[in-house]
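Let me begin by presenting the structure, written as structure tokens, before commenting on it.
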Amino acid sequence: MKTVDIIVPCYNEADGIALFYEETDKVVRTIPGYAFSYLFINDGSRDDSLSIMRMLSAEHPNIHYISFSRNFGKEAGMYAGLTHSSGDYVIIMDADLQHPPALIPQFVSAIEEGYDCAAACRTTRTGEKGLRSFLSGLFYKFSNAMTEVTLPQNAVDYRMMSRKMVNAICSMAEVERFSKGIFAWVGFQTKWIPYENVERAVGTSKWSFKGLVKYAIDGITAFTVKPLHLIRNMGIVLFVFSLIYALIVFIKTLVNGVDVPGYASIICLLLFLGGIIEFSVGIVGEYVSHIYLEAKDRPVYIIQETDLTGSEGHE
Ligand code: UDP
Ligand code: MG
């Protein structure tokens with residue numbers, strides 16, 4: 001019997017957890033040769049998520065939970081789940097049933113084919129606003145051009161991974177985690193399983209537009225230093241141009257004498273250069289902030305309560 005841990009990060013999912021368990025268990029019970037257990041992560045929910053987890057874990061010996069001391073974000077939830085998992089395989093799933101349990105048998109057969117990872121990708125983004133879809137497309141194009149890892153567009157966090165791959169992911173100890181990039185960075189053979197986007201069963205999405213923008217910037221800066229190279233090159237090009245321009249002005253002054261007009265061109269240049277300098281300092285600042293946060297080496301999450309033995313504390 002192979003063991004599989006299903007990791008479910010939850011933030012205010014009280015209305016959905018029981019339904020999630022029911023629907024998922026219906027599917028996994030039909031898969032022979034694998035024993036499934038659940039590890040719910042309560043990411044500082046303000047609703048009854050924790051008491052529902054306590055109840056479920058008291059009723060079912062294969063259900064466990066970890067409860068954080070506050071909201072640390074989905075990335076921290078997934079990381080806590082991965083570091084506390086012990087199964088031969090791990091599945092990461094959302095609690096809102098947007099990740100259809102029906103894909104699990106396909107994940108299992110991909111794993112049996114010899115893949116280390118089977119991951120879901122959306123064929124449609126129905127239920128998502130046009131602008132959000134458009135911007136996310138733009139992010140993937142930009143990020144794939146910028147970074148060494150290729151993030152497959154439409155990939156979601158829903159996936160099944162071998163112990164080998166999970167260990168590789170846990171060995172990446174960065175504090176600020178961008179799982180989409182980490183999954184791609186560790187490598188291993190991944191089989192992509194397409195599925196149609198489904199709307200949330202209950203509750204609302206926890207993502208704000210501002211949150212998504214921050215996620216995108218963090219994602220790019222976590223995996224490449226190319227923006228730093230870009231501004232260095234921009235600086236070199238500007239320097240060369242300004243030398244040439246200075247030479248032209250110098251010769252013109254020698255030939256024509258002092259020329260007073262030129263206000264417009266000076267203002268334009270000033271604004272242009274000011275803009276570029278601000279932008280560049282901003283990019284450098286972004287990296288400095290990451291260095292700062294990594295250097296502090298704070299724990300990714302803090303556990304307040306769990307039914308797992310021997311894992312109180314933090315990571
Ligand atoms: N989630 C979490 N911590 C957070 C935000 C979300 O654990 O701070 C969980 C949430 O409960 C859900 C999953 O991450 O199980 C995906 O969140 P959501 O459905 O809000 O994101 P979307 O599907 O809109 O991308
Ligand atoms: Mg969702």
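The figures that follow rest on heavy atoms only: side chains count, while hydrogens, waters and symmetry mates do not. Read the numbers this way: they start at 1 and go in the same order the structure lists the ligands and their atoms.
For the pair R159 and F107, the cation does not sit on the ring face, since its NZ or CZ is not both under 6.0 Å from the ring centre and inside 45° of the axis. Annotation: cation-pi geometry satisfied between R70 and F72 (NZ/CZ under 6.0 angstrom from ring centroid, within 45° of ring axis).
In terms of protein heavy-atom proximity, atom 14 (O) of ligand 1 is closest to K74 CD, 3.2 Å. Protein heavy atom closest to atom 23 (O) of ligand 1, with residue, atom name and distance, is Q98 OE1, 2.7 Å. Atom 18 (P) of ligand 1 has its closest protein heavy atom at R200 NH2, 3.5 Å. Looking only at heavy atoms of the protein, atom 24 (O) of ligand 1 is closest to S205 OG, 2.6 Å. With respect to atom 8 (O) of ligand 1, the closest heavy atom belonging to the protein is N71 ND2, 3.1 Å. Looking from atom 22 (P) of ligand 1 to the surrounding protein, the closest heavy atom is W207 CD1, 3.7 Å. Among protein heavy atoms, the minimum distance from atom 15 (O) of ligand 1 is reached at P9 O, 2.8 Å. The shortest contact between atom 20 (O) of ligand 1 and any protein heavy atom is with K206 N, 2.5 Å.
With hydrogens and angles ignored, the 3.5 Å screen pairs no side-chain donor or acceptor of Y301 with any backbone N or O of E75.
For the pair I169 and F183, the minimum side-chain heavy-atom distance is below 4.5 Å. Taking 4.5 Å as the limit, every side-chain heavy atom of Y115 sits out of range of all side-chain heavy atoms of T190. Residues K180 and Y140 form a side-chain contact, since some pair of their non-hydrogen atoms from C-beta on lies under 4.5 Å apart.
Take the Mg ion (ligand 2) as the corner point: the lines to OD2 of D96 and to OE1 of Q98 open at 100°, to the nearest 10 degrees.
Of all non-hydrogen atoms in Y287 and V225, the two that sit nearest each other are OH-CA, 3.6 Å.
Interface of D94 with ligand 1, defined as ligand atoms under 4.0 Å from a residue heavy atom, comprises 13 (C), 15 (O), 16 (C), 23 (O). Numbered from 1 in the order shown, with element, the atoms of ligand 1 that lie under 4.0 Å from a heavy atom of A95 read 15 (O). Close contacts of ligand 1 with D96, meaning ligand atoms under 4.0 Å from a residue heavy atom, involve 19 (O), 23 (O). Of all atoms in ligand 1, listed by their number and element, those nearer than 4.0 Å to a heavy atom of E13 are 10 (C), 11 (O), 12 (C), 15 (O). Less than 4.0 angstrom separates some heavy atom of D43 from each of these atoms of ligand 1: 2 (C), 3 (N), 4 (C), 7 (O), 8 (O).
Side-chain rings of Y38 and Y65 stay apart, their centers remaining 6.0 Å or farther from each other.
Ring-plane geometry between F40 and F20 is classed as perpendicular, the angle between the planes exceeding 60 degrees on a 0 to 90 degree scale with a lower cut at 30.
Put simply, no part of G77 is less than 4.0 Å from ligand 1, judged by heavy atoms.
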* To do: Go through N42 and S49 one step at a time and tell me if the side-chain hydrogen bond (donor to acceptor under 3.5 Å, both in side chains) criterion holds.
  => CA-CA 7 Å; N42 174 37; S49 298; 4.7 Å; no
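Looking at I41 against ligand 1, nothing comes within 4.0 Å, counting heavy atoms.
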